[in-house]
Amino acid sequence: MSEILDNYLFDAFANASENTFIYVCDMNTGLSRWSKQAVKFWGLEDEYIEDASAVWIEHIHPDDRKLYTDDIAAVFEGRSEQHNCQYRAKDRYGEYVWVECRGSVIKDADGKPTVFAGMMTRLDNQSKYDELTHLLTGTELLRKSFDDSGSLMLIGADGLRNINSRHGLRYGNSILKYLADAIVDNSPGMEVYRFRGDEFAVYGKNVSVQEMSKIYNKVNRICGDAESAEGLISFSASAGIVQVMPKDNAADMISKAELSLLYAKEKYKTGMSIYSEEIEQKQIRKNTVSETLLRSIKNGCKGFYLVYQPILSNTGDTVVGCESLLRWNAPNDAIGNCYPDEFIPILEKNGGIIEVGNFVMREAIKQASIWQKKYKQFSVSFNVSYFQLEESQFVPSIIKTIDEYGVNPEYITVELTESVLNVDTNLVKKSFEMLKSKGVKIALDDFGTGNSSFWTLHNIDIDIVKLDQSFIRGLGNSSTDIDYAIVESVGLMCNRIGYKTVAEGVETDDIWRMISKFEFTGLQGYLFSRPVEIGEFEKILTKYSMEK
Ligand code: C2E
Ligand code: MG
Ligand code: MG
């Protein structure tokens, strides 16, 4: 026991301070004592430290050590009364935190220094609470150690960025507050954090993932009621949930919950998913594919190439054109086969679609110039993602490339999937007008899968409707009267309006026979040919005697 170190005053001050750390040193013995918060925060071994200056100097940022030692020396050598300096010190996670350290030396009756005591105050991130929602911050969650089992949920408002840009930040903040209240009200006895931006975290001790998912459902319902309850716009929330075991690391659990949240958003647009090894594997593959795609792009789109699938006249005996479809040979064996349905969404997300899209456009037009020399009325189409239209240079570069290769624009078709047409219709309209004024044809791809089919037909000037292959392929099953009705009416309707139509997914003779009376302008499907490389395609061209 040391009277200097073990007294009620130290205990009282140490307990009262949250973001301030107290220390006192008995200069006769060299032993010092640090408040419990300091021990935890800085990751010290014990409250009592033998040679504190040697231990502490290791925590101080190398660039700040001289500043610190000079200041301390001045106090200890009697040149200064007060130790007072600001420096960076390493916390228990190895991260540097700015602190202000103040201390003073107390001398005995003979003038001999006996006590050195003081406190350290964190200068950054002092508040544990988020200003907007008054919830604990994400930093606090990261510092958490799990001592029990339970579950952790990350939950976020969908499309908050859109809400912010449309209605302003203040409105976005009201949405966040509304969501925060909904979470707090429905998770009694649990810890709720504003993890970051639009994401909140809920930790429930002894709460199962199933119970946590019920909380998500309730919160999501409340978000959907935002309009009637508060006059805000209704919105949805997505969540990722992970089971937590004692001693699990907070950062690991957060990243698992985040991964599950991302999975839910990507797979279902909105919704909830519970962490599993399988989700993690899928997410890991996605990351590997994404990084490898970007590497291929950096290497001049190495590994990307086009295959061509013939489009036949409605009689099925002449190839009238083709669709260019992208393929990618991943330079990484671990990836194996990777098709557009997998890699296009990844390219759209990581931004690679812009460069790859340019590559596709150039390759397709270049190939069209070769085939058009032989077959004057041969159409080549290529797919375009909405994101490419957002690049102001994209449409002008299509026109430039057409001129560069001397291709007849009447026989170039741009295919755009319908599901993206409800993003910024003005942008789409403007892009299409520019292309159409050049003579380029516009096809609406995968018709029937989006949620604005008829609206699109009514409002956007297009040339060709490509009915989604799922409807056509559905005709192969005897039980699909609905598919039959859809195919029939789309065929009739387009004929009536004067749009050309292409039936995709014609896989069998039976299907072909069934659709023949609907007068589709073009036929495309495995029955005639799968997408093939140039050499193979030229054999098909010869077989299906294209008029020269
Ligand atoms: P899509 O544009 O609707 O292309 C038709 C897809 O259906 C192709 O798949 C084609 O191989 C497949 N298909 C054609 N006939 C049949 C059939 O009879 N049965 C079956 N089961 N499938 C058939 P692919 O090449 O895997 O492409 C999938 C999607 O990826 C394309 O659908 C398109 O949306 C996208 N995509 C492909 N290439 C590009 C590209 O260069 N740029 C962009 N943005 N998207 C592309
Ligand atoms: Mg297409
Ligand atoms: Mg399609």
Side-chain angles (χ1 to χ4, degrees), residues 293 296-297 301 303-312 316 319 321-328 337-368 379-391 394 398 412-421 441-450 453 462-477 487 490 501-512 514-515 520 522-533 536-537 540:
L293 282 166
S296 293
I297 295 171
C301 286
F304 289 101
Y305 62 99
L306 293 185
V307 288
Y308 303 89
Q309 188 176 28
I311 298 174
L312 288 95
V319 176
C322 68
E323 175 172 6
S324 321
L325 293 154
L326 186 60
R327 293 293 179 266
W328 178 54
N337 287 338
C338 186
Y339 288 99
D341 283 338
E342 180 179 3
F343 69 71
I344 293 285
I346 297 177
L347 285 173
E348 288 178 340
K349 198 146 179 255
N350 69 18
I353 193 69
I354 302 299
E355 249 174 274
V356 177
N358 282 335
F359 167 84
V360 168
M361 181 267 291
R362 284 192 74 82
E363 285 294 301
I365 293 177
K366 187 172 84 187
Q367 198 51 50
S379 285
V380 172
S381 76
F382 59 91
N383 294 281
V384 164
S385 287
Y386 168 77
F387 303 95
Q388 291 172 263
L389 298 184
E390 283 183 333
E391 279 291 299
F394 182 62
I398 298 180
I412 295 291
T413 304
V414 166
E415 295 191 11
L416 196 76
T417 26
E418 190 223 2
S419 56
V420 296
L421 284 184
K441 300 286 176 281
I442 311 287
L444 195 55
D445 208 352
D446 306 334
F447 182 76
T449 55
S453 304
I462 49 161
D463 303 283
I464 302 157
V465 171
K466 295 189 83 168
L467 182 58
D468 189 61
Q469 51 166 292
S470 57
F471 300 112
I472 311 275
R473 274 160 52 205
L475 298 179
N477 312 326
V487 175
V490 171
T501 43
V502 172
E504 285 187 323
V506 183
E507 284 187 347
T508 61
D509 277 319
D510 279 351
I511 293 177
W512 183 18
M514 282 170 97
I515 62 168
F520 282 94
L523 305 170
Q524 183 179 348
Y526 290 173
L527 173 66
F528 308 104
S529 168
R530 286 178 178 258
V532 291
E533 291 186 43
E536 197 62 24
F537 191 84
I540 298 172

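Order of appearance sets the numbers: ligands from 1, and atoms from 1 within every ligand.
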The Mg ion (ligand 2) contact by S381, N, O or S atom under 2.8 Å: no
Contact partition for K466 relative to ligand 1, non-hydrogen atoms under 4.0 Å: neither
For atom 28 (C) of ligand 1, the protein heavy atom that lies nearest, with its residue and separation: D341 OD1, 3.3 Å
Rounded distance (nearest 0.5 Å) linking atom CZ of F394 with atom CG of N358: 6.0 Å
Distance-only N or O hit between ligand 1 and Q388, under 3.5 Å: no
D468 N/O/S atom closer than 2.8 Å to the Mg ion (ligand 3): no
Test of proximity, S324 against ligand 1: N or O pairs below 3.5 Å: no
Stepwise side chain to side chain contact (heavy atoms under 4.5 Å, CB included) check, F382 with M361: CA-CA 7 Å; F382 59 91; M361 181 267 291; 3.7 Å; yes
Ligand 1 atoms in contact with D446 (distance to a heavy atom under 4.0 Å): 3 (O)
Heavy-atom protein contact below 4.0 Å for atom 32 (O) of ligand 1: no
Any T413 side-chain heavy atom under 4.5 Å of I442 side chain: no
Nearest-neighbour protein heavy atom for atom 22 (N) of ligand 1, which is reported as residue plus atom name and distance: Q469 OE1, 3.1 Å
Side-chain heavy-atom pair V319, I311 within 4.5 angstrom cut-off: no
Distance in Å, D468 CG paired with D446 CG, rounded so as to fall on 0.5 Å steps: 4.5 Å
Part of P531 with heavy atoms under 4.0 Å of ligand 1, whether side chain, backbone, both or neither: side chain
Spacing of CG belonging to L312 relative to SG belonging to C322, to within rounding of 0.5 Å: 11.0 Å
R473 near ligand 1 by a heavy-atom separation under 4.0 Å: yes
Pair I297-V356, side chain to side chain contact (heavy atoms under 4.5 Å, CB included): steps then yes or no: CA-CA 7 Å; I297 295 171; V356 177; 3.5 Å; yes
Side chain, backbone, both or neither: V360 near ligand 1, heavy atoms under 4.0 Å: side chain
Atom nearest to the Mg ion (ligand 2) - E323, N, O or S atoms considered: OE2
Residue-ligand contact E348/ligand 1, heavy atom below 4.0 Å: no
S296 to F304 - nearest heavy-atom pair and separation: CB-CE1, 3.8 Å
N/O/S atom of E504 inside 2.8 Å of the Mg ion (ligand 3), strictly under: yes
Minimum-distance N/O/S atom that E415 presents toward the Mg ion (ligand 2): OE1
Short N/O/S contact of D446 with the Mg ion (ligand 2) (below 2.8 Å): no
Contact with ligand 1 for T417, non-hydrogen, under 4.0 angstrom: no
Heavy-atom pair of closest approach, residues V380 and A368: CG2-CB, 3.6 Å
Ligand 1 versus L326: contacting region, heavy-atom distance under 4.0 Å: both
For E355 against C301, the heavy-atom pair lying closest together: O-SG, 4.3 Å
Protein contact for atom 9 (O) of ligand 1 (heavy atom, distance under 4.0 Å): no
Atom 42 (N) of ligand 1: nearest protein contact (heavy atom, Å): N383 O, 3.4 Å
Aromatic contact, W328 with Y339 (centres under 6.0 Å): no
Atom name in D445, limited to N/O/S, at shortest distance from the Mg ion (ligand 3): OD1
Shortest non-hydrogen separation from I472 to G505 and the atoms involved: CG2-O, 3.7 Å
Identity and distance of the protein heavy atom lying nearest atom 21 (N) of ligand 1: E507 OE2, 3.0 Å
Lys/Arg N to Asp/Glu carboxylate O, K466 vs E323, below 4.0 Å: yes
Atom 18 (O) of ligand 1: nearest protein contact (heavy atom, Å): Y526 N, 2.8 Å
Ligand-residue contact atoms, ligand 1 with S385, heavy atoms, under 4.0 Å: 44 (N)
Best match, L523, V384, I344, D468: closest heavy atom to atom 46 (C) of ligand 1: I344
Atoms of ligand 1, numbered as shown, that sit under 4.0 Å from any heavy atom of G505: 16 (C), 17 (C), 18 (O)
Where ligand 1 meets E504 - atom numbers and elements under 4.0 angstrom, heavy-atom basis: 3 (O), 5 (C)
Gap separating the CZ atom of R530 from the CD atom of E536, nearest 0.5 angstrom: 12.5 Å
Atom pair OG1 (T501) and CG (L467), whose distance is rounded to the nearest 0.5 Å: 8.5 Å
Residue P340 vicinity, atoms of ligand 1 by number, heavy atom under 4.0 Å: 24 (P), 25 (O), 26 (O), 27 (O), 30 (O), 36 (N), 37 (C)
Nearest heavy atoms of Y308 and S324, plus distance in Å: CE2-OG, 3.7 Å
Mode of R530 contact toward ligand 1 - side chain, backbone, both, neither (heavy atoms, under 4.0 Å): neither
Option whose closest heavy atom lies nearest to atom 2 (O) of ligand 1, chosen from D445, V356, I353: D445
Atoms of ligand 1, numbered as shown, that sit under 4.0 Å from any heavy atom of Q309: 10 (C), 14 (C), 15 (N)
Atom pair CG/CD of L527 and E507 - distance to nearest 0.5 Å: 9.0 Å
Full working for salt bridge (Lys or Arg N to Asp or Glu O under 4.0 Å) between E533 and R327: CA-CA 10 Å; E533 291 186 43; R327 293 293 179 266; over 6 Å; no
Heteroatom proximity flag, G525 to ligand 1, N/O under 3.5 Å: no
Closest heavy-atom pair and its distance - Q388, G357: NE2-CA, 3.0 Å
Ligand 1 N/O within reach of Q524 N/O, cut-off under 3.5 Å: no
Side chain proximity check, V465 to V502, heavy atoms < 4.5 angstrom: no
Nitrogen or oxygen atoms of Y339 and ligand 1 under 3.5 Å apart: no
